[in-house]
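This report refers to the structure that appears directly beneath it.
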Amino acid sequence: MKICFMCDLHLPFDKNALQYDVLSWAVSDILKKRPECICFAGDATCDGDREAYDGFVSAVKGTGIPFLYIPGNSDLRCAEGISKKASACKNTVCGVSVYAVNDCDGRVSEADLAVLESATADSIVFMHHPPRALSLWRETHPDTALFYGHLHRSLRDGNDYGLQAMDPDKSIGECPCITYYDSVSRELCRSYYDCPFPE
């Protein structure tokens, strides 16, 4: 199964912001590459703006590809309830168990920890923050692929994968991108957004 991972887009209320161009580019890239699932690992908005969030969800769901979402800490900055929009913790896509861990407040709930115990080496886990809150779980599940955002840069430590930010203003070390993951080969392929420069 091919999964498209995205994170840290930080859409503002201003629809003329560059982040909206990145979203359009990402949707176009996804439609060309046709992954079986899209997983968004938090911070769709910069401040929890409901209109920005709704536009984001509409654009991604418009691809017709199964979509899993968890909020990030930036999505908590407004009391409009975006943090409650997370996908269920355990999902099955194309026969693969995909775990969406809602850790937007920096914590993993006891309920999600209990659900995560059923993860296998063939499962996929994604969350917003680096997996410090899952250190004990990681000891008993070393072969499960785990993806996270929040740090705005690509990292890899064993089976833990840090995802590059989509936000051109906050990407670190490389251009904004989305990451495709093949769950069979375990290979990553990044698709980069080429940032326009002002004249």
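- Not counting sequence neighbours, the partners of Tyr192 by the side chain to side chain contact (heavy atoms under 4.5 Å, CB included) test are Glu174, Cys175, Cys177, Arg190.
- In plain terms, the two heavy atoms of Leu23 and Ala59 that are nearest each other are CD2-CB, 4.0 Å.
- No side-chain heavy atom of Ile3 sits under 4.5 Å from any side-chain heavy atom of Pro35.
- Of the possible donor and acceptor atoms, none in the side chain of Lys33 sits under 3.5 Å from a partner among the backbone N and O of Ser28.
- Residue Leu18 is grouped with residue Met6 when hydrophobic side chains (ILVMFWY) are merged at heavy-atom distances under 4.5 angstrom, including chains of intermediate members.
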Atom pairs and distances, side-chain donor-acceptor, residues 114-124, under 3.5 Å, sequence neighbours left out:
unit_1	atom_1	unit_2	atom_2	d
Ser118	OG	Tyr99	OH	2.8
Ser118	OG	Val115	O	2.9
Thr120	OG1	Asp122	N	3.2
Thr120	OG1	Ser123	OG	3.3
Ser123	OG	Thr120	N	2.9

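- Hydrophobic cluster membership is shared by Ile70 and Val96, with clusters built from Ile, Leu, Val, Met, Phe, Trp and Tyr side chains linked at under 4.5 angstrom.
- Side chains of Leu68 and Ile38 form no contact here, defined as non-hydrogen atoms less than 4.5 Å apart.
- Panel note: side chain Lys15, backbone Phe13; a donor-acceptor pair is recorded below 3.5 Å.
- Closest approach of Leu188 to Tyr161, counting heavy atoms only: CD1-CD2, 3.6 Å.
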Original post:
For Phe40 and Phe126, what are the C-alpha separation, side-chain angles and deciding distance, and is it a ring pair (Phe, Tyr, Trp, His ring centres under 6.0 Å)?
Top reply: CA-CA 8 Å; Phe40 192 85; Phe126 74 101; 9.0 Å; no
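- By the 4.5 Å heavy-atom criterion applied to side chains, Pro12 and Tyr20 are counted as neighbours.
- For Pro176 against Pro168, the heavy-atom pair with the smallest separation is CG-CA, 3.5 Å.
- For His129, the side chain to side chain contact (heavy atoms under 4.5 Å, CB included) test picks out Asn73, Asp103, His150, with sequence neighbours left out.
- For Lys61 and Phe67, the positive end is not near the middle of the six-membered ring at less than 6.0 Å and at most 45° from its axis.
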Subject >> Chi angles and distances behind the side chain to side chain donor-acceptor pair (under 3.5 Å) call for Asn102, Tyr69 >> reply: CA-CA 9 Å; Asn102 184 0; Tyr69 167 83; over 6 Å; no
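- A heavy-atom distance below 4.5 Å is found between the side chains of Ser74 and His10.
- Val22 and Leu31 fall within a single hydrophobic cluster, where Ile, Leu, Val, Met, Phe, Trp and Tyr are joined by side-chain heavy atoms under 4.5 Å apart, directly or via other members.
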**OP:** For the pair Asp21 and Tyr193, evaluate side chain to side chain donor-acceptor pair (under 3.5 Å) and give the outcome as yes or no after the intermediate values.
**Re:** CA-CA 9 Å; Asp21 190 56; Tyr193 172 79; 2.4 Å; yes
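- The hydrophobic cluster containing Tyr148 does not contain Ile172, counting ILVMFWY residues as joined when their side-chain heavy atoms lie under 4.5 angstrom apart, directly or transitively.
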Original post:
Would Glu187 and Tyr181 count as a side chain to side chain contact (heavy atoms under 4.5 Å, CB included) if you check the C-alpha gap in whole Å, the side-chain angles of each, and the deciding distance to 0.1 Å?
Top reply: CA-CA 6 Å; Glu187 290 182 2; Tyr181 176 74; over 6 Å; no
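- Using the six-membered ring where Trp is involved, Phe147 and Phe5 have ring planes that are parallel, under 30° apart on the 30 and 60° scheme.
- We find that Asp54 and Arg50 are joined by a salt bridge, their nearest charged nitrogen and carboxylate oxygen being less than 4.0 Å apart.
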Original post:
Passes side chain to side chain contact (heavy atoms under 4.5 Å, CB included), Val98 versus Met1? Steps please.
Top reply: CA-CA 11 Å; Val98 181; Met1 175 174 73; 4.0 Å; yes
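- Cluster membership check: Tyr180 does not share its hydrophobic cluster with Val125, using side-chain heavy-atom separations under 4.5 Å among Ile, Leu, Val, Met, Phe, Trp and Tyr.
- A salt bridge between Arg138 and Asp160 is present, with a side-chain N of the basic residue lying under 4.0 Å from a carboxylate O of the acidic one.
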**OP:** Output, in order, the C-alpha distance, side-chain angles, deciding distance and verdict of side chain to side chain contact (heavy atoms under 4.5 Å, CB included) for Lys85 and Tyr53.
**Re:** CA-CA 10 Å; Lys85 300 289 185 181; Tyr53 167 80; 3.0 Å; yes
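- The backbone N or O of Arg77 sits nowhere less than 3.5 Å from a side-chain atom of Asp47 that would complete a donor-acceptor pair.
- Using a 4.5 Å heavy-atom threshold, the side chains of Leu146 and Asn159 count as separate.
- Heavy atoms only, all atoms of each residue included: Arg186 and Asp143 are closest at NH2-O, 2.9 Å.
- Of all heavy-atom pairs spanning Cys104 and Pro71, the tightest one is CB-O, 3.4 Å.
- Side-chain contact between Ser58 and Phe56 is absent, with no heavy atoms from C-beta onward closer than 4.5 Å.
- Atom OG1 of Thr63 sits about 12.0 Å away from atom CG of Asp29, to the nearest 0.5 Å.
- Side chains of Leu163 and Arg153 form no contact here, defined as non-hydrogen atoms less than 4.5 Å apart.
- For Arg107, the side-chain hydrogen bond (donor to acceptor under 3.5 Å, both in side chains) partners are Asp105, not counting sequence neighbours.
- Judged by distance alone, with hydrogens and angles left aside, the side-chain atoms of Asn91 form a donor-acceptor pair with the main-chain N or O of Ala88 at under 3.5 Å.
- Between His128 and Ala41, the shortest heavy-atom contact is ND1-O, 2.8 Å.
- Distance alone, capped at 3.5 Å, is enough to place a donor-acceptor pair between the Ser171 side chain and the Ala165 backbone.
- Annotation: side-chain hydrogen bond (donor to acceptor under 3.5 Å, both in side chains) contacts of Gln19 (sequence neighbours excluded): Asp167, Asp169.
- Listed by chain and number, the residues in a salt bridge (Lys or Arg N to Asp or Glu O under 4.0 Å) with Asp112 amount to none (sequence neighbours excluded).
- For the pair Ser154 and Gln164, the minimum side-chain heavy-atom distance is below 4.5 Å.
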Original post:
Hey, mind stepping through Trp137 and Ser135 against side chain to side chain contact (heavy atoms under 4.5 Å, CB included) and telling me if it holds?
Top reply: CA-CA 5 Å; Trp137 173 86; Ser135 58; over 6 Å; no
